[in-house]
Amino acid sequence: MTDLAPALLEILRYPDPRLHTVARPVQGVDDRIRALIERMFATMHAANGIGLAATQVDVHERLIVIDVSEARDQPLVLINPEFEWLSPETRKGEEGCLSVPGIYDGVERAIAVRVRALDAQGLARSIEAQDMLAVCIQHEMDHLLGRVFVEHLSPLKRLRIQSKLAKAQREALRA
Ligand code: K1U
Ligand code: ZN
């Protein structure tokens with residue numbers, strides 16, 4: 001028997017207004033959600049990302065997949081995540097986003113977090129994270145609130161990014 005690879009999902013691109021939708025809680029962790037999780041991991045890996053929020057694939061439910069490991073063998077699923085604690089200490093680090101391709105800039109984030117969430121079996125977990133995992137969780141939790149990382153940057157930087165992306169899109173259409 002051959003296992004079919006999960007179908008990839010389309011990732012919304014900034015400034016698509018759907019990226020500003022606030023996600024609603026997942027009502028039940030069932031086979032529909034588990035199939036979505038599988039497709040989100042496949043989509044994230046195919047795009048060489050370390051995280052993906054359901055918002056980015058136009059599903060407006062509180063669901064995140066993450067894998068910050070080098071070997072891509074430490075998948076983390078956060079369903080209905082809520083912060084329990086954010087460290088008062090912050091650090092500015094470089095971020096990217098699969099919805100804002102080719103743009104990287106510094107964002108100030110808490111250096112450690114604790115999050116409560118359900119896993120893919122529907123079990124409640126409390127996860128402590130630091131370094132890249134903590135940054136990635138904060139970035140993805142922002143997506144669920146309809147926030148894209150460029151909204152942490154100055155209005156001037158945001159304008160420059162928007163025109164750079166519009167130019168790239170015009171060139172792609174002409175090619
Ligand atoms: O949400 C996303 O679009 C995924 C995003 C996650 C993320 C990367 C870096 C900092 C915070 C959150 C990405 O995976 S962007 C592409 C990427 O693989 C990457 C970019 C910069 C550093 C490390 C990874
Ligand atoms: Zn992102």
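Order of listing sets the numbers, starting from 1, for every ligand and every atom in it. In this chain, residues are counted from 1 in sequence order.
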In the protein, what heavy atom is nearest to [atom], and what distance, to one decimal place, separates them?
atom: atom 20 (C) of ligand 1; value: Tyr104 CE2, 3.7 Å
atom: atom 1 (O) of ligand 1; value: Glu140 OE2, 2.7 Å
atom: atom 9 (C) of ligand 1; value: Gly96 N, 3.6 Å

Q: Tell me, with the steps shown, if Arg160 and Asp105 meet salt bridge (charged side-chain N to carboxylate O under 4.0 Å, His left out).
A: CA-CA 12 Å; Arg160 284 197 184 132; Asp105 214 322; over 6 Å; no

Output the list of atoms in ligand 1 that are nearer than 4.0 Å to some heavy atom of [X], sorted by atom number.
X: His143; value: 1 (O)
X: Asn48; value: 17 (C), 18 (O)
X: Leu98; value: 2 (C), 3 (O), 4 (C)
X: Cys97; value: 3 (O), 15 (S)

I'd like a table of donor-acceptor pairs (distance under 3.5 Å, sequence neighbours excluded) in which one partner is a side-chain atom from residues 167-175, with atom names and distances.
none

Q: Hey, can you tell me if His45 and Phe41 have their rings parallel, tilted or perpendicular (30° and 60° cut-offs)?
A: parallel

**Q.** Criterion side chain to side chain contact (heavy atoms under 4.5 Å, CB included) against Ile79, the qualifying member of Ile37, Val65, Asp119, Ile64
**A.** Ile37

Q. Side chain, backbone, both or neither: which part of Glu95 comes within less than 4.0 Å of ligand 1 when only heavy atoms are counted?
A. both

Q: Have a look at ligand 1 and work out which part of Met132, if any, has a heavy atom under 4.0 Å from it: side chain, backbone, both or neither.
A: side chain

Q: With the Zn ion (ligand 2) as the centre, enumerate protein N/O/S atoms below 2.8 Å in chain and residue order.
A: Cys97 SG, His139 NE2, His143 NE2

